[in-house]
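Working notes, beginning with the structure itself.
Keep in mind that this is a model prediction, so the values were computed, not measured.
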Amino acid sequence: MKRNIVIAAVTAAALIGGGTATALATSGEDDPGKASGQADVRSSSSDDGDDTADDRDDAADDADADDRDDAARAASAKVTAADALAAALKKTPGTAVSADLDGGDDGERAAWEVDVLSGDGTWHSVRIDPASGKVLGSQTDDEDDTDEVRAALKGTSVDAAEAVRAASGHGTVTSVELDEDGHHGDGKTAWEVETRASGKAEQDWRVDPRTGEVTADRSHDSHSDDSRSDDSDDADDSGSDDD
């Protein structure tokens, strides 16, 4: 009733003045503009939440694809990580600090990539054929953590190859790397070893460089959980409206 009175009054004023009038009739509880704005905010928030979920799904799909690639490379490799380390050290004497089975996709040839720290402080990256054990190539690298690596290795009795053999009971080793900073930066040096077993996801292990003791590495799991938690919080924040 109130809206009709307002429209009639405005129309009469326009007719009397001979001009053109434009009126927007509203009531205290009927605000189309406000309702539309609220709907837009809710729709935008919902879209943001969907995008976040899609991003998580895409990341999970990419991780699964990488895992399948790693599993295929590990299954097809005739040369073990320990063999690759031995071949690299024969080519370039020194201390093997890491070995990783890499490549085999995007046209790149699969190979073991072994990092060796020589006695004079030079870093070498040696590529080993995973089928034959032959050296495919070698190049020098520039690293800025030479002193830290040497300090971490001081007094240790378990080298990279022995760490590989210690963890191989859990599956095929696809990589080994010296962690000179320790678990979450606790300062305890360890060999980080990744393994693949039939029908299982990639597993991470820590090998004590003094005793050879093998323990499960849960740091990757906790980081993954933190990441999922952060994504969930972002999605919740994007979907909330300030009153």
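Distance alone, capped at 3.5 Å, places no donor-acceptor pair between the Thr140 side chain and the His124 backbone.
Val164 places a side-chain heavy atom less than 4.5 Å from the side chain of Leu85. Between Gln203 and Glu194 there is no side-chain heavy-atom pair separated by less than 4.5 Å. A 4.5 Å side-chain heavy-atom check between Val149 and Glu143 finds every atom pair outside the cut-off. Annotation: side chain of Val116 is not in contact with side chain of Thr95 (no heavy-atom distance under 4.5 Å). Residues Trp112 and Asp83 form no side-chain contact, since every pair of their non-hydrogen atoms from C-beta on lies 4.5 Å or further apart. Looking at Val158 and Asp208, their side chains never come closer than 4.5 Å, going by heavy atoms from C-beta outward. No side-chain heavy atom of Asp217 sits less than 4.5 Å from a side-chain heavy atom of Trp205.
The heavy-atom pair separating Ala190 from Pro209 by the smallest distance is CA-CD, 3.8 Å. The shortest heavy-atom contact between Glu202 and Asp204 is OE2-OD1, 3.8 Å. Closest heavy-atom contact between Ala84 and Val114: O-CG2, 3.9 Å. Residues Ser125 and Asp141 share a closest heavy-atom pair of CB-OD2, 3.2 Å. Residues Ala96 and Leu89 come closest through the heavy atom pair N-CD2, 3.8 Å. Ala82 and Arg165 get closest at one heavy-atom pair: CB-NH1, 4.1 Å.
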| request: Check the pair Trp191, Asp179 against side-chain contact (heavy atoms from CB on, under 4.5 Å), reporting the backbone distance first and the verdict last. | output: CA-CA 6 Å; Trp191 291 105; Asp179 176 15; over 6 Å; no

| request: Under the side-chain contact (heavy atoms from CB on, under 4.5 Å) rule, what do Val135 and Ile128 come out as? Steps first, then yes or no, please. | output: CA-CA 5 Å; Val135 176; Ile128 306 296; 3.7 Å; yes

| task | Show your reasoning for whether side-chain contact (heavy atoms from CB on, under 4.5 Å) applies to Val173 and Thr80. | result | CA-CA 7 Å; Val173 174; Thr80 67; over 6 Å; no

| task | Under the side-chain contact (heavy atoms from CB on, under 4.5 Å) rule, what do Arg109 and Asp129 come out as? Steps first, then yes or no, please. | result | CA-CA 9 Å; Arg109 184 175 183 178; Asp129 190 326; 2.7 Å; yes

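Salt-bridge formation is not detected for the pair Arg127/Asp102: no Lys NZ or Arg NE/NH1/NH2 atom is positioned less than 4.0 Å from an Asp or Glu carboxylate oxygen.
The CD atom of Glu113 sits 10.0 Å away from the CG atom of Leu136 when rounded to the nearest 0.5 Å. Here the CG-CG distance, from Leu153 to Asp159, works out to 9.5 Å after rounding to the nearest 0.5 Å. To the nearest 0.5 Å, atom CG of residue Asp181 and atom NZ of residue Lys188 are 14.5 Å apart. Atoms CG and CG, on Leu117 and Asp145 in that order, are 9.0 Å from each other to the nearest 0.5 Å.
For the pairing with Trp123, the side chain to side chain donor-acceptor pair (under 3.5 Å) check across Thr146, Thr92, Asp142 returns one residue only, Thr146.
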